[in-house]
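Okay, so here's the structure we're looking at.
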There are 2 protein chains.
Amino acid sequence: MTDRITLKEVAEAAGVHMSTASRALNEETRDVVNAETVARVLKAARKLGYTPNPLARGLRTNRTMTVGMIIPDIENPLFGPIIAGAEARLGKDGYSLLIADADVKDSASVARVIETLIERRTDGLIVATSARKDPIVADLAKRDIPAVLVNRTADSSPLPSIVGDDHAGIGLVVQHLVDQGHTRIGHVSGPHTMSTGHGRYQAFLSWTQSLGIEVDPSAIEESEWYRVEAGLASAEALLKRRPDITAIVCANDLLAMGAYRAVRQRGLTVGSDVAITGYNDIPLLDLLEPPLTSVRVPYRQMGTEAAGLLMAMLSSGSGQDGPISMRLAPTLSVRGSSGPRA
Amino acid sequence: MTDRITLKEVAEAAGVHMSTASRALNEETRDVVNAETVARVLKAARKLGYTPNPLARGLRTNRTMTVGMIIPDIENPLFGPIIAGAEARLGKDGYSLLIADADVKDSASVARVIETLIERRTDGLIVATSARKDPIVADLAKRDIPAVLVNRTADSSPLPSIVGDDHAGIGLVVQHLVDQGHTRIGHVSGPHTMSTGHGRYQAFLSWTQSLGIEVDPSAIEESEWYRVEAGLASAEALLKRRPDITAIVCANDLLAMGAYRAVRQRGLTVGSDVAITGYNDIPLLDLLEPPLTSVRVPYRQMGTEAAGLLMAMLSSGSGQDGPISMRLAPTLSVRGSSGPRA
DNA sequence: GCGAATGATACAATCGATTGCTCCAGCACG
DNA sequence: CGTGCTGGAGCAATCGATTGTATCATTCGC
């Protein structure tokens, strides 16, 4: 490993004491040093290629310029954009991202991973685990650890959070279907134990009601899990019970995939006989036949905002006026799967 | 932030000197200390909830227990499993992963990101950028920085690397198609400026030849980029020139998607009239109609192996006998898109 | 029974940067 | 001309752990 230049060497090269060099190099304290001396130090530092040792600095200042991010299941492509957004934002302030993925299903694993991050003295945390309520959040808040939640509900959370606005997203979908002339609309919801499943279900009820669409319980089917097979089963049950339905709002793209199959199994055509919509707008599903209409959530922006919020917390001494929560507005990607009512 | 227990406090609680406590806590040096004292120290440490300050330790030992990973375009779902695999392996040895994504197209950005990681004193690097040859690799080697390449060619690289065995992968595909009775097989290759594009093209030539399949240049079309549109254009051109072809080997799943469209545009059916195969086996494409036959690359394992190799380098003082390179064997996911010859 | 070997622990330097404090020169003011 | 500021720079403690060396009490060998 290349031998690094230390502050002392820079100081010697500039003919000053370490402490003076340190102050000259540091934006904040630069003004207590003579301008000419500052110039000399800066020049020496540049010439020698000096880069401060973050460990030494961190040891003294108790800041690592590192932020930890806890991801449940990093293989889920959803998190790519969130990470990218956060990383870009953090880089601006000179922070780096320590990634740790935890097993969502195992709450102890999540706790362990968080502990590791804290032991490493990360300055703050971005938590993307998705369980609807777990004690970890409360624990972080109690320990006064700067943390931001991302992509999970804020209800009664003591921590600030950044989430997509599911209510608005479902609104876009329902509105669009109504515009297409649909009046008998069904819903394949996600599991109600998850914040997204529950929230989108509520939003569906709320929007259909306010738009004057009649929805009774027979038009709604709850899936056990966000998987294609579950979507297939739910959509099948739904269509069997309510063959008059002309449009299905799915809580998630995978469920929508299942719905495609269910519609086809009944010998109907997706898009013309039955309109289907998804949620998340994951890549490649626009390649399907017909391409899937879906709600696009600004995941990258979620990452950016979460990081930005954390930066703000860190620079203002963590104590916000109270937990801030942001809901980011989604957009609708209209494609062939949501044609007009036949 | 919670106030942390220091070594000194542990030492006091155990009634020994700091240095003794340090030795007792450290596996390596534990045998110098009286067994009974070790027990006392350990008990005190546990009771107080002592965790060593990694910064102080790193400052002294010059190791951060952190590995940096450079990813081009983290939004590419390909990298999720690689990251997950690496992280899991590193965690075993107490290392953490610092993620940085760089703009592939901007070589200066890559260099800058790497520099940041080095400045942070990461103990080693895992480099996943994919340009076929760039000076950065040589630079890392020259600077004696422990680094492993992942998912990119090793040809003449001075650094160890872990890649998928594209030659074997294409072999699986060609063999399978031949088994299905196909004899007139075309290839939509990736750009030859990229290692994967070039390598798979070469592999295709090699395997068809050794299996006695006649392939002349008219059966091959190079795509400009790994995108659906490019695949569509290439496959179109290919089918127009060689309408007798009954199977198309695509260098990548996205190109295969384009080929689906091209086949359909000619009024033919994918799977029965023309077999199509992809590469990478990205999730969800098994949902297509017909589901895509594709080569599954063990990305997670690539991450694991890369991390393992790096760990080995770090513990053995970096100097390997020479750069090791591993090629991981892919498998074939046979699905409906590659039916028997009509 | 005395010097040497040994085992166990304490002392203190060290890693590299930050920062409170001290020191000093130069200048203004009375 | 002495006192008091003040800007600028040096001194040294400090962060928390690691580690080379010194110290001390035993025990062993002869």
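The structure presented is a predicted model; accordingly, all values stated were derived computationally and were not measured. Numbered from 1 within each chain, the chains take letters A, B, ... in sequence-line order.
A straight line from NZ of Lys8(B) to C1' of dC11(C) spans 13 Å, rounded to a whole angstrom. Atom CG in Asp31(A) sits about 10 Å away from atom P in dG8(D), given to the nearest Å. Whole-Å rounding puts the Glu28(B) CD to dA17(D) P distance at 18 Å. Rounded to whole angstrom, the span from the CD atom of Glu27(B) across to the C1' atom of dA17(D) amounts to 17 Å. In this structure, the CD atom of Glu9(B) is 11 Å from the P atom of dC15(D), given to the nearest Å. For the pair Arg121(B) CZ and dC15(C) P, the computed distance is 14 Å after rounding to whole Å. Here dT18(D) presents its P atom at 13 Å from CG of Leu55(B), a figure rounded to the nearest Å. The distance from atom CG of Leu7(B) to atom P of dC15(D) is 14 Å, rounded to the nearest whole Å.
In the set dT9(C), dA13(D), dT18(D), the nucleotide with an atom closest to the side chain of Arg57(B) is dT18(D). Nearest nucleotide to the Arg23(A) side chain, out of dG16(C), dA12(D), dC21(C): dC21(C). Closest approach to the Met18(A) side chain among dA17(C), dA9(D), dA17(D) is made by dA17(C) (side chain taken as heavy atoms from C-beta onward). Comparing dG16(C), dA13(C), dA17(C) by their closest approach to the side chain of Arg60(B) singles out dA13(C). Side chain of Ser19(B), nearest nucleotide from dA12(D), dA12(C), dC15(C): dA12(C). Considering only side-chain atoms of Asn53(B), the nucleotide from dG16(D), dT19(C), dG10(D) that sits closest is dG16(D). The side chain of His17(A) approaches dC11(D) more closely than any other nucleotide in the set dT18(D), dC11(D), dT19(C). Of the listed nucleotides (dT9(C), dA17(D), dG16(C)), dT9(C) has the atom at the smallest distance from the side chain of Val33(B).
Remark: side-chain polar atoms of Arg121(B) are not paired, donor with acceptor, to backbone N or O of Arg63(B) under 3.5 angstrom. Put simply, the side chain of Arg300(A) never gets that close to the backbone of Pro81(A): no donor and acceptor are under 3.5 Å apart.
Within 4.0 Å (heavy atoms only), Thr37(A) reaches sugar-phosphate atoms of the nucleic acid but no base atom. Using a 4.0 Å heavy-atom criterion, one finds that Thr6(A) contacts the sugar-phosphate atoms exclusively. Within the nucleic acid shown, Ser22(A) comes within 4.0 Å of at least one base atom, counting heavy atoms only.
Atom-to-atom distance recorded for Thr66(B):OG1 and Asp123(B):CG is 6.5 Å, nearest 0.5 angstrom.
Where Arg40(B) and Ala56(A) meet DNA chain C, the nucleotide closest to each residue was compared, and Arg40(B) sits on the side nearer the 5' end. In this structure, Leu59(B) and Thr20(B) both approach DNA chain D, and ranking their closest nucleotides by distance from the 5' end singles out Leu59(B).
Contact check for Val113(A) versus Glu87(B): no side-chain heavy atoms found under the 4.5 Å cut-off.
The local environment of CG in Asp139(A) is crowded, with over 12 non-hydrogen atoms from other residues, nucleotides or ligands closer than 6.0 Å. Residue Asn34(A) qualifies as enclosed at atom CG: its count of foreign heavy atoms under 6.0 Å is above 12.
The phosphate of dG7(D) has neither OP1 nor OP2 within less than 4.0 Å of any side-chain N or O from Asn34(A). Between Asn26(B) and dT18(D) there is a side-chain polar atom (N or O) within less than 4.0 angstrom of OP1 or OP2. Residue Tyr50(A) has no polar side-chain atom (N or O) positioned under 4.0 Å from OP1 or OP2 of dG16(C).
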